Amino acid sequence: MFTPTPLNLKMPVPSDIEIAQEATLKPITQIAEELGLLPEEIEFYGKYKAKVHLAVRERLAARPNGKYIDVTAITPTPLGEGKSTTTVGLSQALGAHLGQKVVTCIRQPSQGPTFGIKGGAAGGGYSQIIPMEDFNLHLTGDIHAITAANNLLAAAIDTRMFHEARQSDDALFRRLCPPDKTGKRTFSPVMLKRLKKLGIDKTDPDELTEAEASRFARLDIDPDSITWRRVVDTNDRMLRGIIIGQGPQEKGAERETGYDITVASEIMAILALTTSLEDMRERLGAMVIGTSRAGDAVTADDLGVGGALTVLMKDAIMPNLMQTLEGTPAFVHAGPFANIAHGNSSIVADQIALKLVGPDGYVLTESGFGADIGMEKFFNIKCRYSGLIPDAVVLVATIRALKMHGGGPKVTAGQPLDHAYTEENLELLEKGCVNMVVHIQNAMRFGIPVVVAINRFKDDTPAEIELVRKVAIAAGAEDAVMSNHWTEGGKGAVELGKAVMAACEKPGDFKFLYPLEMSIKEKIETIAKEIYGADSVEFLPEAEKKIETYTRLGFAKLPICMAKTHLSLSHDPALKGAPKGFVVPIRDIRASVGAGFLYPLVGQMSTMPGLPTRPVYYDVDIDLETGRVVGLF
């Protein structure tokens, strides 16, 4: 039996960390029991968080799924529009105020933004996931596991090239398959996978011909083709470009490379898209790190490291169980960036949640950035691999962002808002509503009912809220509801909860935007024209070259994960509203074969953010008397 946790609402609303630290936390055992988990299905990480075994799905396989809701947003300002806060507030409304069984599924934030300028991603005000410090920092170590796995593969690449440059084919083969104490030589399981890939039907190293042994042992990686980089979960701009191999024993092995932030790793995307331990093993082994000089794809399994990567990730595959301020359960799992990856939390968390809530319950899952990025990828990538069909979309909008899209002054993080955003301006707002209309129509293009959540800010007026509501419904939204969850918690999102429940009862006709059989170019053009509103697509020479390569290697039927700015429907962050008449330039295309998508680069996309002059880590410290963290937000 679910017992909500009462809130002690205060005005003015205290800081996020003050609210989180004053909150009453249920023991995670209680959260698990209320959700219907068995004791043997959870692994404890302290009193207030746990990991959940994937075996829950098998136990509940016969139970029908609950209602599945994607929470997305209009094109945001650099400040963000409160999508995570709305997701949590809606969850609290459904579970603590409307008596529904509900689970929130949300991404784990990177420590890069947490210590940079954006801050954490646990929600805000009276709609948060707690413990907030754990949520925004190490949690249960999933991101650290990804860092370790990613960098093990990076080391394997350079080690292999180092040794191949110094040894004959025969010496390589003998060292890869050394005799044991009895003189017997064997292939390890991952080596057998490589032999199968090469079409060599032999299992005894002594039976290989000289030519077969050479093909097996020498990968002959083309250094210029390597796309795999090292990672660290810190905004460290000085690592964007580095030269490695400058030690005295590595002379001649120097090459240019760099670091990405950990959440940009393909391994993070795999964690979010995998469906089982077996599936994760195959995906990790299939990751392509580059090509040989002959043009053949080189994978993690070719390097012999796929199994070791899986061992490092074996605990990370289990979703993390936490709670909201009002005691509703939350799964926090995976955290791929939405501009360069697909920007959604894990499939396994959604699958487990849908079984646990049952046919009368609700699962909220959040997609990163605007609906042109996170929602489109949720439908076309995540739903393809999960087999799950959504029942409704919640589109978060703010009057602040809509005014910006109407031509309002530039919004800059860390700077005061212009008075245009703090005073009523219906004309500016109405012009900007075109952005919301495009996102509503895009969701409806997939055949899913849409509810607009107007995330209220203190300066929003009733006339402005009513205008947004009127435009949204005219555009085809089932409803548009003002939500005051930041100030009031779940109580402030009750009407939104009712609207979402009603939308979930509407008939849906879900369909993908494109079939996988389309060519790479056709899929990219479909997304650019139908979702972004572009006139056409320009494929630059490097992109043309990659299309030819990936088609030859058999990757053409993978879905597309566009890497573009989140600050505009177009490729240009300066184009606000609903731009028309633009051409989308595709600079390059890269392959995340293990994750299962190709990602075209639309303009310059940084995979390693930088720190501002005054990062928020200035405020983060520890109270030495109480041991509490201070300064996080």
Side-chain angles (χ1 to χ4, degrees), residues 75 222-229 231 237 239-242 255-261 263-266 269 288-291 295 297 336-343 368-370 372-374 376-377 380-381 513-514 518-553 555-556 558-575 579-593 595-610:
T75 305
D222 179 357
D224 294 333
S225 75
I226 296 172
T227 56
W228 197 264
R229 290 155 59 94
V231 298
R237 67 173 71 243
L239 293 178
R240 288 172 177 168
I242 63 170
R255 69 181 181 91
E256 291 185 9
T257 181
Y259 274 75
D260 297 332
I261 196 162
V263 290
S265 170
E266 182 177 352
V288 174
I289 59 89
T291 61
F337 272 9
N339 49 0
I340 54 175
H342 70 289
F369 291 137
D372 56 311
I373 299 181
E376 182 269 313
K377 296 172 182 179
N380 283 319
I381 300 174
L513 185 67
Y514 53 79
M518 269 187 175
S519 70
I520 295 172
K521 278 189 175 182
E522 287 173 327
K523 285 182 279 198
I524 292 170
E525 289 168 345
T526 299
I527 295 169
K529 292 177 181 178
E530 297 198 23
I531 300 298
Y532 308 157
D535 271 7
S536 61
V537 176
E538 178 188 12
F539 294 91
L540 301 183
E542 187 60 31
E544 292 278 10
K545 179 182 172 184
K546 291 291 180 63
I547 289 171
E548 181 182 343
T549 299
Y550 295 152
T551 302
R552 175 177 58 80
L553 292 173
F555 304 154
L558 292 174
I560 298 296
C561 184
M562 299 284 273
K564 81 169 188 76
T565 179
H566 60 288
L567 296 173
S568 171
L569 274 165
S570 75
H571 63 286
D572 183 351
L575 297 178
K580 299 290 182 187
F582 60 93
V583 178
V584 172
I586 305 299
R587 178 171 59 87
D588 194 2
I589 302 175
R590 296 184 185 163
S592 289
V593 178
F597 54 71
L598 302 178
Y599 63 101
L601 301 181
V602 185
Q604 297 295 323
M605 297 302 301
S606 175
T607 52
M608 170 56 80

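For the single chain, residues carry numbers from 1 onward in sequence order. None of the values given here were measured: they were computed from a predicted structure.
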Gap between atom CG of L598 and atom CD1 of I589 - 0.5 Å precision:
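Reported to 0.5 Å precision, the distance equals 7.0 Å.
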If you round to the nearest 0.5 Å, how far is CD1 of I261 from CZ of R229?
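Output value for this atom pair is 12.5 Å.
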Give me the atom names and distance for the closest heavy-atom approach of [X] to [Y].
X: T551; Y: I520; answer: OG1-CD1, 3.8 Å
X: I242; Y: Y259; answer: CD1-CE1, 3.7 Å
X: E266; Y: V593; answer: OE2-N, 3.3 Å
X: P336; Y: H342; answer: CG-CE1, 3.7 Å

Can you find a heavy atom in the side chain of K523 that is under 4.5 Å from one in the side chain of N380?
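No. Closest side-chain heavy atoms not under 4.5 Å.
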Flag the pair Y514 / E522 as yes when at least one side-chain heavy-atom distance between them is below 4.5 Å, and no otherwise.
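No; the side chains remain at least 4.5 Å from each other.
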Do side-chain atoms of [X] reach the backbone of [Y] as a donor and acceptor pair under 3.5 angstrom?
X: K377; Y: A341; answer: yes
X: Y532; Y: V584; answer: no
X: T607; Y: D260; answer: no

Salt bridge flag under 4.0 Å for residues E542 and K546:
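Here E542 pairs with K546 in a salt bridge, since their nearest N and O are under 4.0 Å apart.
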Parallel, tilted or perpendicular: rings of F555 and Y550 (30°, 60°):
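Rings of Y550 and F555: tilted, as their planes differ by 30° to 60°.
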Tell me, please, which residues at least two apart from E544 pass salt bridge (charged side-chain N to carboxylate O under 4.0 Å, His left out).
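Only K521 meet the salt bridge (charged side-chain N to carboxylate O under 4.0 Å, His left out) criterion with E544.
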